2 protein chains.
Amino acid sequence: MYYICRMKSKKLYNRITLLRQERGISRKELAERIGVNFQTIGYLERGEYNPSLNLAFNLSEVFELPVEFIFSTEPMKPLSSELYNKSKK
Amino acid sequence: MYYICRMKSKKLYNRITLLRQERGISRKELAERIGVNFQTIGYLERGEYNPSLNLAFNLSEVFELPVEFIFSTEPMKPLSSELYNKSKK
DNA sequence: ACATATTGTTGTATATTTACAACAATATTT
DNA sequence: AAATATTGTTGTAAATATACAACAATATGT
């Protein structure tokens, strides 16, 4: 019964929307794959709250990517520049 | 006001105790470093509940290790065997 | 052996995440 | 343009994580 004043814990950034769209699936479908309510995906994508570590691991499994690639304490760089920097190395 | 029937979400495994002891610090001190109540560390070490992703990231920062090295959906292998396998590659 | 620090246990309160429903807004398809 | 699917919004309930206190149990240091 607490509807106001959320997100006292530090806000995290994520690439869920991007990763989901790259794979051409809706929130509903993603939600089904990780066994969570489809509205929960919306909350996460909008950054209205942070996931549990469990949920983060489930996303990690579905996307086949490390948690740190999906979530970050710092704003996400565009994938394009990440790729560019990586190939420069 | 819910004291019974916890942990419906899948149990995670972790190496917090090990990593903390390797660094020779108490729960109290670890708790202070990551800005959490010292009893919370106890709950995590005992696996009585899983952390938020936020808390996992904080531990990751303090230990300077990826989240996946600290937490896992599978029981943790001894570090010794992880090291051995790594050097064999 | 004693003092002190660390860890475990129980109990309660609060915060945050997740579920779910209903419906509005927007986009996509036909 | 109408039908359908997807996303956003608001409201409420339930589950899970975190804080905190008090005290027992265990370990550690002297």
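None of these values were measured; they are calculated from a predicted model. Throughout, a chain's letter reflects where its sequence line sits, starting with A, and its residues are numbered from 1.
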Quiz prompt | Rounded distance in Å - CD1 (B:Ile16) to P (D:dA17) | solution = 13 Å
Please set out all donor-acceptor pairs under 3.5 angstrom arising from side-chain atoms of residues 66-79 of chain A, sequence neighbours excluded.
from	atom 1	to	atom 2	distance (Å)
A:Glu68	OE2	B:Val67	N	2.7
A:Ser72	OG	A:Glu74	N	2.9
A:Ser72	OG	A:Glu74	O	3.0

Quiz item: Looking at the side chain of B:Asn50, which of C:dT9, D:dA17, D:dA19 is the nearest nucleotide?
Solution: D:dA17
Practice problem: Starting from C1' on C:dT6, measure out to CD1 on B:Ile41 and report it in whole angstrom. | Solution: 14 Å
Practice problem: To the nearest Å, give me how far apart CZ (A:Phe38) and P (D:dT9) are. | Solution: 13 Å
Self-check item: Nearest non-hydrogen partners of B:Leu44 and B:Asn50, listed with the distance
Solution: CD2-C, 4.0 Å
Quiz item: Would you call A:Glu29 and A:Arg20 a salt bridge, using N to O less than 4.0 angstrom?
Solution: no
Practice problem: Taking only heavy atoms on the protein side, list every residue of residues 64-72 of chain A lying under 4.0 Å from any atom of DNA chain D, sorted numerically. | Solution: none
Quiz item: Rounded to the nearest Å, what distance is computed from the CD atom of residue B:Gln21 to the C1' atom of nucleotide D:dA27?
Solution: 12 Å
Quiz item: When you check the phosphate oxygens OP1 and OP2 of D:dT7, does a side-chain N or O of A:Arg20 lie under 4.0 Å from one of them?
Solution: yes
Quiz prompt | OP1 or OP2 of D:dA17 under 4.0 Å from side-chain N/O of B:Ser52 | solution = no
Self-check item: Lys/Arg-Asp/Glu bridge criterion (N-O < 4.0 Å) met for A:Arg15, A:Glu82
Solution: yes
Practice problem: Find the distance between CD (A:Glu64) and CG (A:Leu19) and round it off to the nearest 0.5 Å. | Solution: 11.5 Å
Practice problem: Check every atom of D:dT18, D:dT9, C:dG11 against the side chain of B:Tyr43 and return the nucleotide holding the closest atom. | Solution: C:dG11
Practice problem: Return no unless some side-chain N or O of A:Asn37 is found under 4.0 Å from OP1 or OP2 of C:dC20. | Solution: yes
Exercise. Rounded to the nearest angstrom, tell me the gap between atom CD1 in B:Ile25 and atom C1' in C:dA5.
Key: 15 Å
Self-check item: Whole angstrom value for the distance that separates P of C:dT28 from CD of A:Glu29
Solution: 17 Å
Practice problem: Could you check how far NZ of A:Lys28 sits from P of D:dT7, rounded to whole Å? | Solution: 11 Å
Quiz item: When all nucleic acid strands are considered with a 4.0 Å heavy-atom cut-off, which category describes A:Glu45: base, sugar-phosphate, or nothing?
Solution: nothing
Quiz item: How many Å lie between CD on A:Gln39 and C1' on C:dA24, as a whole number?
Solution: 13 Å
Quiz item: Can you tell me how far the CG atom of A:Leu18 sits from the CD atom of A:Glu22, to the nearest 0.5 Å?
Solution: 4.5 Å
Self-check item: Flag if over 12 foreign heavy atoms under 6.0 Å of CD, A:Glu32
Solution: yes
